[in-house]
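Heads up: the structure comes next, in structure tokens.
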Amino acid sequence: MRSYAWFSLVCQSLLVQYSVAQLVDVPSSENFLRRSGCSVAVLGDYVYMDGGEIAQVVDGEKPPGNRPSNSINTTLSIDISKSWSASSVKINSIPKPALVLVSQAIWVDNSSSSFYIWGGHSPYGATTNNITKTSQWKFTADGRGAGTWTKEIPSNPRVLETFTFSENGAVATAGDTGFYVGGVASGWTEQRAATQPVPGLVSFNMTTKTWRNDSTTGIVSAYGTLAAGVAEFVPRFGPNGLVFVLGGATYTLAPNTRPPDGMRDFSVVDFFDPVTRVWYTQKTTGTAPTPRQGFCSVGIASSNGTYEIFIFGGTDQLTKQFYEDVYVLTIPGFVWYKVQAPSGGGPRKNHQCVVIGGRKMLSVGGTDDTVAWPAVWTRQDPFPNGLGILDLTELRWTSDYDATHQVYDSPQVVRDGYAKGEAVDWTSPEVQRLFATETSGTVPGPQGGDNTPTPSASSTSSTPVGAIAGGVVGGVLGLALVAAAVFFFLKKRRGTQADSDIGTPYVHNGGPVEAEKGYVPVSTASPGWKVPPTYHEMSTHAMASELHSQPASRPVSTMAHPAELDGGTAR
Ligand SMILES: *[C@@H]1O[C@H](CO)[C@@H](O)[C@H](O)[C@H]1NC(C)=O
Ligand SMILES: *[C@@H]1O[C@H](CO)[C@@H](O)[C@H](O)[C@H]1NC(C)=O
Ligand SMILES: *[C@@H]1O[C@H](CO)[C@@H](O)[C@H](O)[C@H]1NC(C)=O
Ligand SMILES: *[C@@H]1O[C@H](CO)[C@@H](O)[C@H](O)[C@H]1NC(C)=O
Ligand SMILES: *[C@@H]1O[C@H](CO)[C@@H](O)[C@H](O)[C@H]1NC(C)=O
Ligand SMILES: CC(=O)N[C@H]1CO[C@H](CO)[C@@H](O)[C@@H]1O
């Protein structure tokens, strides 16, 4: 009897294995179709990819149209200490006890070689009732491409418990603290009736294990909402480094708001000090990206004392444009350049990017929404295994990864721009001062040469960038700074890419449309920086009263995209 039961159990499990086991987390590159919504982090010699969904061919059959994608149930890793080709790279699969979610936040704690995840949606809304809100999952790498998941209770679980679980916030790790700006809640992120944009700046201090929620009302948008924008920590400037928040879509606070009521404009950039939480704003010049969401970003320190943020791809739900272009923002020059380099990968959204091998941007996953459902998933990604690599100095896409560590230099176009020495039209002396010298304490080494402009109260609103760059160059000869730069890239996680003229700017309906200028950050209206509302733990009353004083939002566009969740990721 007993052995019969045992025998039948074995048979059953063999059957189950046989019928479902063909779906795998790491299919061959021939069977691979698409991956999307993965969160990516670099820890030591490995890139980790966590969460998200994958579509694949099984036994020569494309996936069913009603359910083309499946959650990636393990955490994946790739060795970046060795060279590989995207089509034949070895991808490790690490068991994951945590719920698998899509478009979640990932925050890297390099001091313990680990990362935390938070938020995200459950594929097809299947497991929203399994989300526990009082604890959080942490992955600790073992240094050999694997690692372990543990569950941690924060120091203020009661606060975490009250948080609305959302997806598609703008995510960055600044030193010991993870940030998440905006996001969209829906029946796929937690059990709820309506899709709901979530305003606010969620943060998790990894030292104190404390969660917090600051207001973003009137800062990132009129109502403080932001979906599928990006955040980048720029460690080089300001007393504590600065977190830049770029792009994305904005909403009113009404439930079921779709499409967005606006898209954020890239010609003005917003950033905040991660410790003081004071927000600033600065105008840019050059060729700003057209408004977009669902793009990726990376930030990288040059050996010349400057810092560049690259963005790649994304979509604009209002104008129905789908991008595969790359733009670079120079800091402290505040000039945008469009990169003239075709990715060959087609338009892409909901991918993530990180810097590997010193100066290569790795783009992971993403779907091409120029095609209809389910082809979004079932048409194979032109990037083998969904992996694209851009050399950030040479601005060249490849499908081969060269593990030789190369030091990043600004691309020629950026160096030419700085050589012209154009002045920056600073928002205020305070903002100018943030960029006049490098962050002390964070970036070791000499602080600029004799030409470094001395910040002073009487300084006017423009300082030649050439002078700044030149001054910084003087101080950059130390190996210490190069080491620091390396340290910082390694801390970086994501990259963005923007839409370029690269060959074919992917325009869905006819010729390039003059992108509808969406929501212009309110902060632009005021000339200087502003002190944000102070920390409040879930004080909805304060937030609600603020709302009524906000300017009316822009009219809702008629170009709705009803098939899509607001964040633009859930399918
Ligand atoms: C992941 O697990 C879920 C639930 O068991 C399953 O439906 C899905 O097919 C799995 N994903 C893959 C890629 O095998
Ligand atoms: C979700 O919870 C149910 C019980 O409430 C359990 O049966 C199921 O296995 C859980 N699913 C996952 C993916 O954890
Ligand atoms: C942060 O606070 C705002 C205002 O009270 C609230 O609407 C939002 O839901 C909070 N964020 C989270 C993640 O709960
Ligand atoms: C996190 O907490 C530690 C300890 O209180 C503090 O020193 C650090 O500045 C905090 N980080 C941020 C970004 O506020
Ligand atoms: C640093 O900047 C100077 C002046 O703009 C330029 O001549 C030089 O080529 C740059 N060097 C590197 C390594 O980018
Ligand atoms: C990129 C980065 O910061 N890497 C550091 C992470 O921490 C380990 C030690 O814990 C250092 O060896 C790395 O240089």
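Just so you know, ligand 1 is whichever comes first in the structure, and atom 1 is the first atom listed for that ligand. Atoms considered below: every heavy atom in the structure, side chains included; atoms not considered: hydrogens, waters and symmetry mates.
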Is the ring pair [X]/[Y] parallel, tilted or perpendicular, if the boundaries are 30 and 60 degrees?
| X | Y | value |
| --- | --- | --- |
| Trp149 | Phe115 | perpendicular |
| Phe271 | Phe244 | parallel |
| Trp118 | Trp107 | parallel |

Below 4.0 Å from any atom of ligand 1, is there a heavy atom belonging to Ile72? no
Within ligand 1, which atoms have a heavy atom of Asp25 less than 4.0 Å away? 12 (C), 13 (C)
Leu23 heavy atoms, cut-off 4.0 Å: which ligand 1 atoms fall inside? 9 (O), 14 (O)
Answer with yes or no after comparing the ring centroid distance for Tyr401 and Trp84 against a 6.0 Å cut-off, counting only values under it. yes
Assess the pair Phe295 and Phe266: is the distance between their ring centroids shorter than 6.0 Å? yes
For Arg348, the option from Asp369, Asp368, Asp381 that meets salt bridge (Lys or Arg N to Asp or Glu O under 4.0 Å): Asp381
Options Thr74, Asn73, Asn70, ranked by nearest heavy atom to atom 10 (C) of ligand 1, top entry: Asn73
Nearest heavy atom to atom 3 (C) of ligand 2, choosing from Val100, Asn130, Ile131, Thr128, belongs to Asn130
Pro199 and ligand 3 - part of the residue with a heavy-atom distance under 4.0 Å: both
Per-residue contact class, Asn213 against ligand 3 - non-hydrogen pairs under 4.0 Å: side chain
Could you list which atoms of ligand 3 come closer than 4.0 Å to a heavy atom of Val202? 13 (C)
Can you name the atoms of ligand 2, numbered from 1 with element, that are less than 4.0 Å from a heavy atom of Leu99? 12 (C), 13 (C), 14 (O)
Give the atoms of ligand 2, by number and element, whose distance to some non-hydrogen atom of Thr127 is under 4.0 Å. 13 (C)
Less than 4.0 Å from atom 7 (O) of ligand 2, is there any heavy atom belonging to the protein? no
State, without any angle test, whether Glu324 and Ser343 hold a side-chain donor-acceptor pair at a distance under 3.5 Å. yes
Compute whether any side-chain donor of one residue and acceptor of the other, for Thr210 and Asn156, lie under 3.5 angstrom apart. no
Verify the neighbour count for atom NZ of Lys82: are there more than 12 heavy atoms of other residues, nucleotides or ligands below 6.0 Å? no
Gln56 to ligand 1: N or O pair under 3.5 Å? no
Heteroatom proximity flag, Thr164 to ligand 3, N/O under 3.5 Å: yes
